[in-house]
Every structure is written in structure tokens, then in C-alpha cells.
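For reference, the structure is listed below as C-alpha cells.
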Amino acid sequence: MLKNKEIAQLFTKFADILEFQGENVFKINAYRKASRVISDSIEDIEILWKEKRLSELSGIGKALQEKISEYIQTGKVGAFENLIAEIPEELFTLLSIQGYGPKTAALAHKELNVETVEDLQRVLEDGRLAALPGMGAKKIMNLKKGIEFLKSVSDRFSIAAVLPVVGAIIDHMQNHKEPLINRILPAGSIRRFKETVHDIDILAESDKSRDTIKHFLSFPAIRRKIGAGQTKASVLLEDGLQVDLRVVPSGSFGAALQYFTGSQAHNVRVRELARKKGLKINEYGVFQQERQIAGESEAEVYQSIDMPFIAPELREDRGEIEAALENRLPDLIEITDIKGDLHIHSLYSDGHMSIAEMAGHLRDFGYEYAAICDHSKSAFYANGLSEERLWRQQDEIRALNQQYTDFTLLSGIEVDILPDGTLDFSDNVLEQLDFVIASIHSAFKSDPTLRIMEAMKNPFVDVIGHPTGRLISRREAYSVDMKTIIDMAVKTGTALEINSFWDRLDLNDIHSKLAVESGVKLAINTDSHHDQHLEMIQFGVGTARRGWCSKLDVINAWDLKRLKDWQKRNRL
DNA sequence: GCCGTTTTCGGCCCGACTGTTTTCAGTCG
């Protein structure tokens with residue numbers, strides 16, 4: 001799947017170049033769409049090419065097929081090479097500066113030969129940029145701030161880091177001496193539950209938009225205002241997060257929420273469909289000529305184009321439009337469907353709480369069962385269990401279970417998949433445990449796909465833990481061929497984990513969708529090492545929803561009896 | 001550059017805010 005990423009990046013880059021050169025915007029959009037479709041595709045583009053199935057991807061016509069073909073065969077695209085030679089090396093960094101778009105970049109390049117951020121800084125300081133047409137004092141000042149911002153922050157934040165900030169802003173907005181707001185909700189990629197987001201979008205319904213904006217600008221953690229008008233405001237927080245607030249009047253909230261939730265690709269499809277029906281959709285409603293026919297609720301907006309409500313997590317133009325039109329949207333899993341957590345650590349390995357403490361918290365959390373799955377003996381970095389300590393732990397779990405009538409603790413293990421593909425405990429040991437997760441924790445370069453396949457063949461392995469090993473913004477996934485693994489999981493009846501830890505979310509949304517469509521079962525676990533980690537189940541469920549999962553697909557959304565029945569089938 | 005029960009040519013989602021402008025281009029989402 002490496003080629004998918006490379007080609008997607010190449011097309012995005014090419015779109016930026018075309019924009020810089022003032023090309024037709026529709027051509028530019030065609031490249032951007034192609035890039036998105038390719039990076040979202042679960043099929044390896046190299047295989048699609050080999051099987052002459054590139055045209056199955058929407059938005060890939062003759063010209064782009066030829067470019068993809070050329071790239072796969074030669075490692076480059078001639079037409080791009082020529083263009084890249086003509087543009088400044090740092091163009092892509094320059095374009096990421098707020099307020100420095102393709103037109104300004106082209107002007108500065110043509111007139112002042114600005115090719116790097118340093119060049120730009122120089123012409124900002126010495127007044128030469130200000131001398132160009134359309135470059136006033138404010139524009140210059142904003143570009144200076146833009147450069148400062150670029151240097152100060154990373155471009156994406158994890159959803160886990162952002163949600164508490166969202167809560168604080170909403171609290172602030174609702175806390176005003178006279179009520180300003182009827183309704184307020186996060187929108188954008190947060191509402192779609194993407195694993196990382198680059199800003200916070202918040203939508204408020206108010207008939208006092210001016211006061212609402214003013215109150216928003218008094219939020220304490222604001223570093224500076226980016227812009228503020230009658231109906232929207234953008235600010236930068238101290239930690240580098242951008243927050244956009246949009247205020248709409250009563251009667252438009254649903255349409256605005258639909259618009260502001262995105263994704264952009266999803267909205268483009270929705271609005272296209274509306275146009276074909278002679279309707280116009282904008283953030284104020286659905287309009288027939290000048291007359292508003294919907295907009296109070298999101299459901300109304302979808303209904304106006306003959307669709308059922310589409311859950312925010314699905315709105316990525318990954319097939320949800322077609323599914324909605326054919327009335328075959330999935331019945332998505334809810335957080336309240338989760339009946340137990342099958343991946344919990346304790347003091348026996350690298351957890352921070354005793355088994356009794358964790359069990360109490362799990363029960364209080366509302367679960368019917370949980371599996372203690374500490375690390376196995378080779379995981380010495382995590383204080384992995386020897387066989388002897390494992391049995392002592394099992395005794396403790398059995399004793400604890402005597403105290404509960406409404407909660408069951410399973411005695412499990414997170415057994416290491418060793419570099420040669422064997423497991424860290426023998427079948428004799430695994431057989432005596434209630435639940436077995438097998439995970440890779442070392443030797444990432446030593447063929448992970450093959451090792452996971454071997455582990456799945458073991459009849460006592462119930463789940464493969466964090467199957468790709470990626471750590472968001474820190475470590476790439478090890479090179480696993482997910483299609484092969486999923487095919488094997490179908491054969492062996494092994495479940496795959498969605499690890500809910502905020503920096504894992506592994507499987508991710510796209511892999512989860514592929515798994516579910518193939519009939520593979522999933523386990524949504526937190527991998528908790530502390531009771532506070534239990535809350536992270538929301539991120540796993542969010543990822544599962546983005547992966548089109550229903551509660552029928554998730555083994556820990558089943559009651560314990562069904563889970564055990566499934567295990568027995570799996571172990572035959 | 002893509003695409004087609006309105007089209008193989010002529011469309012392609014839609015609007016807010018900013019700054020520098022006397023009516024709009026550029027940028028952003």
C-alpha cells in the first residue's frame with residue numbers, strides 16, 4: 001500500500017503546483033479528489049493497475065490512469081518532473097503559511113524571487129513585498145504572524161487532546177450572565193471523530209450573534225484573534241490550536257451543522273445531488289428557488305435529497321452516499337453497547353493498579369466482564385509474567401470472582417508474538433486461560449504479516465492486539481499486509497483488536513471497515529493500565545463507527561455467554 | 001482533469017471574512 005500513499009501525495013503536490021501556476025480550479029480539484037480517493041482506497045493501487053482496474057476508482061480518468069501507470073513503472077511522472085523543476089523548492093511549506101495562498105506566492109516569486117520562508121521573511125522586513133500591488137500594512141503583519149505560527153506548532157492534534165478543550169469552550173459559551181445560546185455543538189472533524197484534527201469547529205445557535213462572538217473572544221486561553229465578523233470568528237489558542245466558531249439563527253441549525261460537520265468531500269456530493277433535484281443547499285438551509293424547504297434539523301436536510309440521516313462518523317465520501325441512497329447504511333455500534341473490556345493490565349506487569357482495584361473500577365464503569373491480559377515473559381521491558389506468576393495471578397482472579405455476582409473477571413494474557421512467529425507461552429499454558437490476545441511488541445522489521453498469520457493459526461488465540469503497531473504522530477505502522485491478515489482472520493475465526501488508546505487507534509477506521517466487510521469480528525479494548533484509561537473506550541468506539549461497525553461485529557458488545565460460545569467455535 | 005435518465009461539451013458546492021478595494025480578488029473551510 002506504499003504506492004497509494006506516494007501517488008496520493010504526488011497528486012496533492014501537483015495540485016498545489018497547478019494552483020501556484022494559476023491553472024483551472026476544476027482541474028486542480030480533480031487532482032485533489034484523485035489524491036483522496038487513492039489514499040482512502042483499501043485496494044493496493046499497484047494491484048489495481050496490474051489487473052487493469054484503475055478505472056474502478058471514482059475520479060480517475062484516462063489522463064490520471066496514464067500518470068499512475070507511469071509512476072508505477074518508472075517511479076516518476078515526466079509531466080510532474082518538468083513542472084517541479086520550475087517551482088521554488090519550499091513552495092509547499094510557503095503555502096502552508098496562513099494567508100499566503102497560491103496567488104500571493106506566485107506574485108512574490110515572479111516579482112521578488114521568493115523561494116523560501118527565509119526569503120519571505122526578508123522581503124516582509126525590508127518593505128519590498130509591501131510595495132507590490134494589493135499588499136497593505138495589515139496583510140504584511142498577518143504574514144509575519146503566519147510565519148511565527150508555522151514555526152511554533154505541529155499541524156495536527158489527537159482527538160483525545162482536543163476534546164477537553166472543546167468542553168471548556170462550550171462551558172465558557174454557556175456561562176454568560178444572560179443566556180446567549182440556544183444550542184451549541186462541536187462540528188467538523190471532531191464530530192466525525194477523526195483520530196487527529198487540525199482545528200476545533202464549534203457551531204452555536206443564537207439570535208444574538210454579535211454578543212455571542214464577543215463572548216467567545218473573551219475565552220481566557222486565546223493567544224490571538226485571527227478574524228471575527230458578524231457570524232463567525234477564528235482564534236488561536238495558547239497551545240497552537242485554532243478554534244472556529246460559527247453562529248447561526250434559529251431555523252438554520254440543522255443545515256449549518258450538516259455543512260459545518262463536513263467532510264468537504266461529503267458535502268460536495270450532497271450538494272451535487274441537491275442541484276440535480278433543482279435544490280440548493282447552503283449552511284442556512286435547503287432552498288427551492290428562494291424558498292427555504294428544510295434546515296431546522298440535519299435529518300431534514302438529508303431527507304430533502306431522499307436519504308436517511310447519515311451519522312457524522314460516516315461522512316467521508318467513502319461509500320456512505322451510495323449506501324444511504326440504497327438504504328443500506330450500517331446500524332452503528334454505540335458506546336453503551338460495550339459490555340466488557342478484554343484488554344486490561346495490572347500491577348502484575350506494567351499496569352499501575354492491583355487486579356482488585358481495576359476490577360472494582362471496571363464494574364463501576366458498568367461492565368459485565370473484563371479480561372486481565374498482562375504481558376508475557378519475553379516482554380521484560382514491561383515486567384512480563386513468568387509461568388509461575390501467571391498461575392498466581394489466575395488464582396487471585398478466581399478468588400476475586402467469588403465476590404461478584406454481577407461481574408466476571410477473565411484470566412487472560414497478552415502473549416508476545418516472537419520474532420520467529422511462535423508465541424511466548426506454549427499451547428499447554430494458553431489452553432488454561434480464559435482469554436488470549438497475541439501482539440507484536442518487538443522486532444518490527446521481522447516480517448510482521450507472517451508472524452501475525454502464524455499467531456492466528458493458533459487455536460487458543462482469540463484476538464490479535466493492535467495489529468499494525470502504529471503510534472499516531474510517533475511511529476509508522478509496521479509493514480503488515482492488512483488484506484492478507486483479514487483473509488486469514490476469516491479462515492481462522494480470530495478477532496482483530498481496535499485498541500482504543502488515544503495514540504494507537506489500531507485498527508484504524510479504514511482497516512476496521514475492510515475487516516467488517518470481510519466478516520471478521522473485532523474487539524474494542526482500551527489496553528488500560530490505570531482506571532482513568534477506561535474512558536478511552538470512546539475513541540475506540542468512534543473509530544469503529546468510522547469503520548462502519550455494528551454491535552454484531554464486536555465480540556465485547558456481546559454478553560459473556562455468546563462470547564464464550566464464539567471462543568469455543570474458534571478453538572475447535 | 002472528470003463525467004453524463006437533462007449533457008461526449010460544458011458544466012464542476014457554496015459562502016464568510018479580510019484587506020484593499022470603489023466593486024472585488026484572495027484565502028479559507
Side-chain angles (χ1 to χ4, degrees), chain A residues 11 14-16 18-20 22-37 54-55 57-68 77 79-80 94-108 129-130 132-143 145-146 187-190 192 197-203 209 213 225-235 242-248 252 255-256 258-287 301 305 317 321:
Chain A
F11 283 178
F14 200 59
D16 283 344
L18 293 176
E19 207 166 15
F20 174 71
E23 255 286 3
N24 178 311
V25 289
F26 299 110
K27 182 169 169 180
I28 294 163
N29 282 342
Y31 275 98
R32 292 207 194 285
K33 181 180 178 190
S35 171
R36 180 179 58 78
V37 167
L54 283 176
S55 60
L57 297 173
S58 80
I60 309 287
K62 193 159 170 287
L64 290 184
Q65 284 177 40
E66 279 168 12
K67 290 189 169 70
I68 292 167
V77 178
F80 293 4
L94 281 167
L95 290 177
S96 69
I97 296 168
Q98 220 158 33
Y100 197 71
K103 295 283 195 276
T104 317
L107 181 71
L129 191 70
L132 297 181
M135 297 294 135
K138 281 205 162 176
K139 179 111 189 161
I140 299 295
M141 191 175 67
N142 283 337
L143 287 176
K145 283 179 184 166
S189 45
I190 294 171
R192 302 200 312 279
V197 302
H198 86 273
D199 61 9
I200 295 177
D201 298 309
I202 294 179
L203 178 70
S209 76
I213 299 272
K225 179 176 81 176
I226 296 170
Q230 302 279 329
T231 67
K232 67 183 267 194
S234 296
V235 299
Q242 182 175 327
V243 186
D244 298 336
L245 174 76
R246 185 73 188 260
V247 186
V248 296
S252 292
Q258 196 283 324
Y259 151 73
F260 216 27
T261 297
S263 66
Q264 197 182 24
H266 172 89
N267 285 353
V268 167
R269 295 290 310 277
V270 165
R271 291 174 179 199
E272 275 171 4
L273 285 169
R275 277 181 72 94
K276 287 190 181 138
K277 291 185 177 296
L279 303 173
K280 185 176 76 169
I281 297 182
N282 60 27
E283 57 264 55
Y284 298 108
V286 181
F287 296 87
V301 174
I305 48 173
D317 189 24
I321 300 279

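Order of the sequence lines sets the chain letters (A, B, ...), proteins ahead of strands, with each chain counted from 1.
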**Message:** Categorize A/Arg269 for me: base, sugar-phosphate, or nothing, with a 4.0 angstrom heavy-atom threshold over every strand shown.
**Reply:** nothing
**Message:** Nearest 0.5 angstrom please: A/Phe11 CZ to A/Lys33 NZ, how far?
**Reply:** 13.5 Å
**Separation between the P atoms of B/dC24 and B/dC13, rounded to whole Å** = 23 Å
**Prompt:** Within the structure shown, what part of the strands sits under 4.0 Å from A/Ala34 by heavy-atom distance: base, sugar-phosphate, or nothing?
**Reply:** nothing
**Whole angstrom value for the distance that separates C1' of B/dC3 from CG of A/Leu64** = 13 Å
**Item:** A/Lys139 side-chain proximity, nearest of B/dG29, B/dT20, B/dC13
**Value:** B/dT20
**Prompt:** Looking for any heavy atom pair under 4.0 Å, which part of the strands does A/Asn24 touch: base, sugar-phosphate only, or nothing?
**Reply:** base
**Message:** I need the NZ-C1' distance between A/Lys276 and B/dC12, as an integer number of Å.
**Reply:** 10 Å
**Prompt:** For atom P, what is the distance between B/dT21 and B/dT27, given to the nearest Å?
**Reply:** 15 Å
**Message:** Quick one, A/Arg192 and A/His266 - any side-chain contact, counting heavy atoms below 4.5 Å?
**Reply:** no
**Prompt:** P atom, B/dG1 versus B/dT7: distance in rounded Å?
**Reply:** 25 Å
**Item:** P spacing across the pair B/dA16 / B/dG11, given as an integer number of angstrom
**Value:** 25 Å
**Prompt:** For A/Ala137, which contact category applies under a 4.0 Å heavy-atom criterion: base, sugar-phosphate, or nothing?
**Reply:** sugar-phosphate
**Message:** If you assign each of A/Phe26 and A/Ile226 to its closest nucleotide in DNA chain B, which residue comes earlier from the 5' end?
**Reply:** A/Phe26
**Message:** For a quick check of understanding: with a heavy-atom distance under 4.0 Å over all strands, which category does A/Leu279 fall into, base, sugar-phosphate or nothing?
**Reply:** nothing
**Listed nucleotide nearest any side-chain atom of A/Lys280, set B/dT20, B/dG29, B/dG15** = B/dG15
**Asked** Which part of the nucleic acid, if any, lies within contact of A/Ser234, taking any heavy atom under 4.0 Å across all strands shown: a base, the sugar-phosphate backbone alone, or nothing?
**Response** nothing
**Touch class at under 4.0 angstrom, heavy-atom based, for A/Lys62 against every strand present** = sugar-phosphate
**Asked** A/Glu272 CD to B/dC12 P: how many Å, rounded?
**Response** 10 Å
**Request:** Identify the nucleotide, in any strand shown, that forms a Watson-Crick or G-U wobble pair with B/dC12, with both distances under 3.5 Å; if there is none, say none.
**Result:** B/dG1
**Asked** Are any of A/Asn282's side-chain N or O atoms less than 4.0 Å away from OP1 or OP2 of B/dG15?
**Response** yes
**Request:** Kindly say if A/Tyr100 contacts the phosphate of B/dT18, meaning a side-chain N or O under 4.0 Å from OP1 or OP2.
**Result:** no
**Asked** Just checking A/Gln264: base, sugar-phosphate only, or nothing, at a heavy-atom cut-off of under 4.0 Å?
**Response** base
**Request:** Measure the distance from CD on A/Gln242 to P on B/dC17 and round it to the nearest whole Å.
**Result:** 14 Å
**Fill in**
Here the distance between atom P of B/dG29 and atom CG of A/Leu203, to the nearest Å, is 17 Å
**Asked** Can you check whether A/Asn142 has a side-chain N or O nearer than 4.0 Å to OP1 or OP2 of B/dG19?
**Response** yes
**Item:** Rounded distance (Å) that lies between atom C1' of B/dG1 and atom CD of A/Gln65
**Value:** 12 Å
**Asked** Within the pair A/Lys67 and B/dG1, is there a side-chain N or O less than 4.0 Å away from OP1 or OP2?
**Response** yes
**Request:** Please state the P separation for the pair B/dG26 and B/dT20 - nearest whole angstrom.
**Result:** 14 Å
**Whole-Å distance separating the NZ atom of A/Lys27 from the P atom of B/dC3** = 16 Å
**Request:** Consider the side chain of A/Arg246, meaning its heavy atoms from C-beta on, and name the nucleotide among B/dA16, B/dC13, B/dG1 that approaches it most closely.
**Result:** B/dA16
**Message:** Side-chain N or O of A/Lys138 versus OP1/OP2 of B/dG19: is the shortest distance under 4.0 Å?
**Reply:** yes
**Message:** Set out, in order, the CA-CA distance, both residues' side-chain angles and the distance that settles salt bridge (charged side-chain N to carboxylate O under 4.0 Å, His left out) for A/Glu283 and A/Lys232, then state yes or no.
**Reply:** CA-CA 12 Å; A/Glu283 57 264 55; A/Lys232 67 183 267 194; over 6 Å; no
**Request:** Output yes when at least one side-chain N/O atom of A/Thr231 is less than 4.0 Å from OP1 or OP2 of B/dC17, else no.
**Result:** yes
**Message:** At 4.0 Å (heavy atoms only), tell me whether A/Pro102 reaches a base, stays on the sugar-phosphate, or touches nothing.
**Reply:** sugar-phosphate
**Asked** Using 4.0 Å as the upper bound for N to carboxylate O, is an ion pair formed by A/Glu272 and A/Lys276?
**Response** no
**Prompt:** Given side chains that start at C-beta, do those of A/Gln264 and A/Arg36 come closer than 4.5 Å, heavy atoms only?
**Reply:** no
**Item:** From B/dG26, B/dG29, B/dC12, nucleotide with atom closest to A/Asp201 side chain
**Value:** B/dG29
**Request:** Calculate the interatomic distance between A/Tyr31 atom OH and B/dC3 atom C1'; express it in whole Å.
**Result:** 16 Å
**Asked** B/dC12 and B/dT6: how far apart are their P atoms, nearest whole angstrom?
**Response** 16 Å
Distance-only donor-acceptor hits, side chain of residues 94-106 of chain A, under 3.5 Å, sequence neighbours excluded:
{"from": "A/Ser96", "atom 1": "OG", "to": "A/Thr93", "atom 2": "O", "distance (Å)": "2.6"}
{"from": "A/Gln98", "atom 1": "NE2", "to": "A/Gln242", "atom 2": "OE1", "distance (Å)": "2.8"}

**Message:** Just to be sure I understand the rule, does A/Ile28 reach a base, reach only the sugar-phosphate, or reach nothing, if contact means heavy atoms closer than 4.0 Å?
**Reply:** nothing
**Fill in**
By nearest-nucleotide position on DNA chain B, the 5'-leaning member of A/Ala63 and A/Lys103 is A/Ala63
**Request:** Check whether any side-chain N or O of A/Arg275 sits under 4.0 Å from OP1 or OP2 of B/dC13, and answer yes or no.
**Result:** no
**Prompt:** Are side-chain heavy atoms of A/Tyr259 and A/Asn267 found at a separation under 4.5 Å?
**Reply:** yes
**Message:** Taking the C1' atom in each of B/dT8 and B/dT23, what is the distance between them to the nearest angstrom?
**Reply:** 38 Å
**Request:** Look at all strands and tell whether A/Phe260 reaches a base, only sugar-phosphate, or nothing, counting heavy atoms closer than 4.0 Å.
**Result:** nothing
**Message:** Are A/Glu23 and A/Tyr31 packed together at the side-chain level, in the sense that at least one heavy-atom pair is separated by less than 4.5 angstrom?
**Reply:** no
